[in-house]
Structures are given as C-alpha cells and as structure tokens.
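What follows is a set of notes on a single structure, which appears directly below.
Here is the naming used below: chain letters follow the sequence lines, and residue numbers restart at 1 for every chain.
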Number of protein chains: 2
Amino acid sequence: MLSAIVEDYLKAIYYLQNETDGRVRTSALAEYMDVEQSTVTSMMKKLSERNFVHYEPYQGVKLTDTGVPIALEIIRHHRLLERYLTDHLEYDWAEVHDEADRLEHHISSQFADRIAEQLEDPAVDPHGDPIPTADLDVSGAKYEDTLADHQVGDSVRIERVPDKDPALLRYLSEHGIHPGTVVDVVETTSFGMVTLDPDSGDEPVALPDEVARSVSTRSLTKGAN
Amino acid sequence: MLSAIVEDYLKAIYYLQNETDGRVRTSALAEYMDVEQSTVTSMMKKLSERNFVHYEPYQGVKLTDTGVPIALEIIRHHRLLERYLTDHLEYDWAEVHDEADRLEHHISSQFADRIAEQLEDPAVDPHGDPIPTADLDVSGAKYEDTLADHQVGDSVRIERVPDKDPALLRYLSEHGIHPGTVVDVVETTSFGMVTLDPDSGDEPVALPDEVARSVSTRSLTKGAN
DNA sequence: GACGATAATTAGGCCCGGCTAAATTTATAA
DNA sequence: TTATAAATTTAGCCGGGCCTAATTATCGTC
C-alpha cells in the first residue's frame with residue numbers, strides 16, 4: 001500500500017521530469033515538496049528500494065516504469081476531481097485545487113471511474129490540463145505553444161492555465177480568461193509584460209512574462225493546425 | 001490539525017459510549033479499533049492532553065464537550081457520503097461503507113455542505129442511521145425498538161440496519177430488507193432465531209437474535225408510534 | 001479478606017516522514 | 001589545477017502510531 005506522501009513524491013517527480021526533460025534533482029524536489037533536501041534524499045532511497053524510481057546518488061532521480069503509472073493514476077484522480085467539483089458541486093475554479101489535492105489519495109479507482117462516467121469522460125480539467133484515461137493514456141498532453149511565444153497582432157486561444165495559484169486563477173477569471181477564451185496579443189514590452197485583448201469583450205489584461213510562459217495556447221492567425 | 005487516526009478514535013468512543021451508556025473501556029476500544037490495548041492506553045493519554053476525552057487510568061474514557069462535536073462532524077461526513085455514493089454515484093448499499101470510511105476524514109466541511117445541499121438535507125443514510133445536521137444536531141437519533149423486542153404476529157417497519165458488515169447487507173438486500181420495509185414477525189425460537197415475512201412479497205427471511213438486536217424497528221401493530 | 005484471573009498500564013522498540021548539523025561530493029572559477 | 005562554493009548525503013534526533021513483554025491494578029470468588 002502507498003501512503004499519500006509517497007504518492008505526492010511520485011507525482012512531483014512526474015511533473016518535474018516533464019519540465020526538465022531529464023533527471024530530477026534533489027533540490028528541485030525539495031523545493032517543490034517544501035521539505036529539506038535531506039528528507040528528499042532519504043525518501044529517494046526508499047522509493048528506489050521499492051522500484052518506483054531510478055536513483056543515483058548526486059545525480060537525481062527518474063520514475064521507473066512502475067512509478068509512472070502510479071503518478072498518472074493520481075493525476076487522473078486529481079483532474080477528474082477538479083472537473084467534478086466545478087461541474088457538479090459548484091466549486092469555483094480557484095477553490096478546487098486544495099480539495100482535489102487531498103482527495104486524490106483517498107478515492108478508489110471505482111470512485112474515479114464513476115465520476116468520469118458522470119462527466120462523460122472529459123478530456124481536460126477546468127484549467128485545461130489533460131485528464132489521463134482509465135488506462136492512463138496521456139497522448140492528448142501536447143502543449144508546445146505558450147502566450148510568451150506570440151507576437152503583437154496574434155490571435156490565440158487559451159488552452160491551459162497553471163492550476164496551483166488561486167490568486168492568479170481568480171485574477172484570470174475576473175478578466176474572463178479561461179481555457180477556450182480567444183484573445184489578441186496587443187502589446188509586449190521589453191520589461192517582461194504581455195497585454196491581451198479578450199474577444200469576449202472584456203477589458204484588456206496584462207500579465208508578466210513569467211505567467212505568460214505558463215499559459216498554453218493555440219495559434220489561430222499563424223495558420224498551421 | 002487532527003489526523004485521520006485521531007478522528008477514528010473519537011468516532012469509536014462516540015459509538016461505544018452511546019452503546020454502553022457510560023465510560024468506554026480500553027478493551028472495548030482496542031477491539032473496535034483492532035489494535036492492542038497498550039496502543040489504546042497511549043492514545044488515550046494523548047487525547048486527554050488535547051482535551052478531547054476525560055481519561056481516568058483503569059476507569060475508561062468519555063468524550064469531552066470538545067470531543068463530541070469532532071466525532072459528530074466525522075459521522076456527518078460519513079453518512080452524507082454514504083447517501084451521496086448510493087444516490088448519485090450508483091454505489092451499492094454494501095459497498096459504500098469502506099469508501100465513506102476513508103473519505104470522511106479528507107473532505108472539507110464545504111464539500112460536506114455541498115453534497116448535503118444536492119441531496120436536499122437527507123435525514124438518514126442508506127442504512128437508516130440519522131445524519132447530524134450542519135450544526136451537529138442529532139435529535140432524530142432515537143431508536144429504542146429492535147427486531148428482537150417483537151412477538152410473533154407483530155407487524156413492524158425496518159428503520160435501521162447495521163452498516164459495518166457487507167455480507168449481511170448483501171443478504172438483507174437480496175431478501176428485500178431495507179430501511180422502510182414492512183415485515184411481519186412469523187416465528188421466534190428458543191435457540192435464538194427470528195423469522196420475518198416481508199410485506200413486499202419476498203420470501204421469508206431468518207435472522208439470528210444477535211442480528212435482530214441490531215436492527216432497529218418501529219412497531220405498526222401495537223399502536224402507539 | 002485474600003487470591004487468582006482479567007484488565008490496564010508501563011517500558012522499550014520499530015517504522016514513517018520530518019528535522020538540524022556535519023561530512024562529502026560535485027561544480028565553478030581563479 | 002586548485003580552492004571555494006554549492007549541492008547532496010550521512011548521522012542522529014523527534015513525534016506519531018503501532019507492537020511485545022513485563023508489571024500493576026481491579027474484580028469476582030471463595
């Protein structure tokens with residue numbers, strides 16, 4: 001049996017290794033999990049003994065073929081819960097993350113499958129993150145474009161926004177920015193700022209580059225796709 | 001913050017002290033929680049330090065005014081979840097207990113209130129156990145009658161069945177016995193057996209006294225409520 | 001009222017998941 | 001190339017929740 005903590009580490013490693021495209025460093029995990037590095041080291045040894053990760057001292061870790069599906073199962077739970085909480089239990093976009101973060105470890109697969117069924121197997125969660133299927137397929141997970149990649153004049157559709165920061169989510173929500181929203185890029189500055197004009201008629205929104213880089217998009221004007 | 005384990009102990013004490021109408025003995029708790037007595041003793045000291053129970057060595061424990069509402073909150077979560085799982089997620093009567101037993105510790109009050117709202121504030125869970133209200137009122141909790149109290153010829157309505165034993169629940173379900181079912185007592189034996197004839201037309205069902213004592217009923221023939 | 005049976009507690013240990021402080025390895029830069 | 005900085009690991013401790021074995025208190029009985 002797996003503790004919630006172990007599941008959290010595996011999930012964290014999954015996210016981090018997709019970002020960095022290689023081994024996950026102790027320091028990165030420590031920051032992500034908000035624990036000391038020494039704590040991470042000892043946990044990595046345990047995960048390694050259980051064959052969830054490849055661990056080489058001083059070189060970081062990588063999920064094994066055993067570890068990946070565990071992480072994906074948790075991520076599936078998380079995203080289904082987020083979808084369910086917003087669609088069926090009137091949760092606000094910005095509120096769902098914490099609730100899902102706890103429950104993901106405690107619902108059965110049966111529970112997950114039942115809510116997936118009620119939701120008619122949604123492809124993405126409320127932030128636009130793809131929901132792994134019951135057999136843990138994540139092929140719908142490609143988002144190469146971000147807001148920061150676009151030029152003034154581009155028209156793009158928002159595909160995904162980061163889900164960890166409630167304040168940002170509330171801000172975006174108030175300005176009518178959701179996955180699916182179409183916006184025009186009206187200004188980019190040398191000091192790291194992007195301004196968007198939503199097609200919905202909402203007022204223009206300004207975002208720091210940092211944020212823009214974490215908002216996935218699909219280009220509408222530049223053809224292709 | 002409270003661990004799931006601490007919550008479980010408080011819930012167990014609540015149940016046991018309602019059964020025995022007094023202090024809860026270490027041995028009773030140990031059996032209920034399926035741990036060693038020494039484990040209970042050390043936990044009782046901790047709960048006592050936190051002011052959740054009155055603990056007198058060798059004399060057992062009793063929930064304090066701080067402990068009771070904690071237990072009731074968990075029980076509310078549990079019973080709402082059972083209701084929700086059966087009504088909205090197609091869970092079977094016999095399946096809900098384990099899922100609810102895990103989730104009760106991890107849903108927020110907000111979650112509980114949302115599902116209560118969707119269910120339109122149900123009074124009882126699928127086994128007939130009363131659901132504490134949001135302000136933890138349990139005045140609907142009086143069940144003095146049980147199947148074992150009745151005579152041959154009595155007509156009674158089933159009000160509540162024990163929820164912990166899936167095999168029993170499946171058996172009852174197969175024989176059409178639910179809260180709300182009306183049955184006639186057709187036989188009682190000296191060797192501890194009660195036979196019921198459901199008004200629904202289902203075949204008669206035999207139950208050992210042990211079980212009959214744990215099935216709450218409401219008398220229909222003997223007048224007075 | 002003393003005695004054995006039973007219940008409860010104490011003592012001491014284990015594993016988990018954290019921590020701090022010290023040692024060690026790796027990376028950087030003179 | 002070597003010194004120093006930074007990252008990582010090791011060593012050792014702590015609290016939570018469990019255990020076994022040993023001790024002590026309470027209870028039912030004679």
Side-chain angles (χ1 to χ4, degrees), chain A residues 1-14 16-17 19-63 67 70-71 74 101-102 104-106, chain B residues 1-14 16-17 19-63 67 70-71 74 101-102 104-106:
Chain A
M1 205 65 285
L2 300 174
S3 70
I5 294 289
V6 164
E7 292 181 350
D8 271 337
Y9 274 97
L10 295 177
K11 191 175 62 153
I13 296 168
Y14 182 88
L16 293 173
Q17 82 183 14
E19 267 177 28
T20 64
D21 216 55
R23 301 197 106 98
V24 178
R25 317 214 115 258
T26 300
S27 49
L29 257 176
E31 187 183 2
Y32 193 94
M33 295 290 295
D34 196 25
V35 296
E36 296 299 318
Q37 296 191 353
S38 56
T39 303
V40 172
T41 299
S42 69
M43 181 57 81
M44 291 313 102
K45 288 192 201 165
K46 289 170 196 160
L47 296 184
S48 176
E49 267 165 33
R50 298 229 248 165
N51 264 303
F52 297 151
V53 298
H54 297 295
Y55 169 56
E56 265 182 274
Y58 297 101
Q59 305 302 321
V61 290
K62 203 165 165 287
L63 289 178
I70 299 174
I74 304 300
D101 240 14
R102 271 177 291 111
E104 63 186 7
H105 305 295
H106 304 289
Chain B
M1 207 66 283
L2 300 175
S3 70
I5 294 289
V6 164
E7 291 180 350
D8 270 337
Y9 274 98
L10 296 177
K11 191 176 62 153
I13 296 168
Y14 182 88
L16 293 173
Q17 80 184 15
E19 268 177 27
T20 63
D21 216 56
R23 300 195 106 99
V24 177
R25 319 214 109 258
T26 300
S27 49
L29 256 176
E31 187 183 2
Y32 193 94
M33 294 291 294
D34 195 25
V35 296
E36 296 300 316
Q37 295 191 353
S38 57
T39 304
V40 172
T41 300
S42 72
M43 181 56 82
M44 290 312 104
K45 287 191 201 166
K46 289 170 196 160
L47 295 184
S48 174
E49 266 166 32
R50 298 230 250 164
N51 262 305
F52 297 150
V53 299
H54 297 295
Y55 169 56
E56 266 181 274
Y58 297 99
Q59 305 302 318
V61 291
K62 202 166 165 287
L63 290 178
I70 299 173
I74 304 301
D101 240 16
R102 271 178 291 111
E104 62 185 6
H105 305 295
H106 305 289

query: Rounded to whole angstrom units, what separation is found between the CD atom of B:Glu36 and the C1' atom of C:dT10?
result: 15 Å
- request: Tell me which of A:Pro57 and A:Met43 sits closer to the 5' end of DNA chain C, going by the nucleotide each one is nearest to.
  value: A:Met43
- request: Give one of base, sugar-phosphate or nothing for A:Ser38, where a contact means two heavy atoms less than 4.0 Å apart.
  value: base
field: Atom of B:Tyr58, atom of B:Arg25 and distance for their closest heavy-atom approach
entry: O-NH2, 4.0 Å
5'-most by nearest nucleotide on DNA chain C - A:Tyr58 or A:Gln37: A:Gln37
query: For A:Gln59 and D:dA7, what is the distance between atoms CD and C1' respectively, to the nearest whole Å?
result: 11 Å
message: When you measure from the side chain of B:Glu7 to the backbone of B:Ile74, do you find a donor-acceptor pair of N or O atoms at a distance under 3.5 Å?
response: no
field: Distance below 4.0 Å between A:Arg25 side-chain N/O and D:dA7 OP1 or OP2
entry: no
task: Check whether any side-chain heavy atom of B:Val61 lies under 4.5 Å from a side-chain heavy atom of B:Leu29, and answer yes or no.
output: yes
query: So what does B:Ser3 hit on the nucleic acid, given a heavy-atom distance under 4.0 Å: a base, only sugar-phosphate, or nothing?
result: sugar-phosphate
- prompt: Within this structure, what is the CE-to-P distance between A:Met1 and C:dG17, rounded to whole angstrom?
  reply: 13 Å
- request: Describe the nucleic acid contact of A:Thr26 in one word from base, sugar-phosphate, nothing, applying a heavy-atom distance below 4.0 Å.
  value: sugar-phosphate
- prompt: Between atom CD1 in A:Ile5 and atom C1' in D:dG15, what is the gap in whole Å?
  reply: 14 Å
message: Over all strands shown, is B:Ser27 touching base, sugar-phosphate only, or nothing at heavy-atom distances under 4.0 angstrom?
response: sugar-phosphate
message: In this structure, how many angstroms lie between the C1' atom of D:dG17 and the NZ atom of B:Lys45, rounded?
response: 14 Å
field: From CA spacing to verdict: side-chain contact (heavy atoms from CB on, under 4.5 Å), A:Tyr55, A:Leu47
entry: CA-CA 8 Å; A:Tyr55 169 56; A:Leu47 296 184; over 6 Å; no
query: Any side-chain N or O of B:Tyr55 less than 4.0 Å from the OP1 or OP2 oxygen of C:dA8?
result: no
Nearest-Å distance for atom pair NZ/P, residues A:Lys46 and C:dC16: 6 Å
query: side-chain contact (heavy atoms from CB on, under 4.5 Å) between B:Leu2 and B:Phe52: does it pass, once the steps are laid out?
result: CA-CA 11 Å; B:Leu2 300 175; B:Phe52 297 150; 3.5 Å; yes
query: Can you find a side chain N or O atom of A:Thr41 that sits less than 4.0 Å from OP1 or OP2 on D:dT9?
result: yes
task: Check the distance between D:dG16's C1' and B:Glu7's CD and give it to me in whole angstrom.
output: 15 Å
- prompt: In whole angstrom, what separates A:Arg23's CZ from C:dT26's P?
  reply: 14 Å
- prompt: For DNA chain D, whose closest nucleotide is more 5', that of A:Ala28 or that of B:Met33?
  reply: A:Ala28
- request: Return no unless some side-chain N or O of B:Tyr9 is found under 4.0 Å from OP1 or OP2 of D:dG16.
  value: no
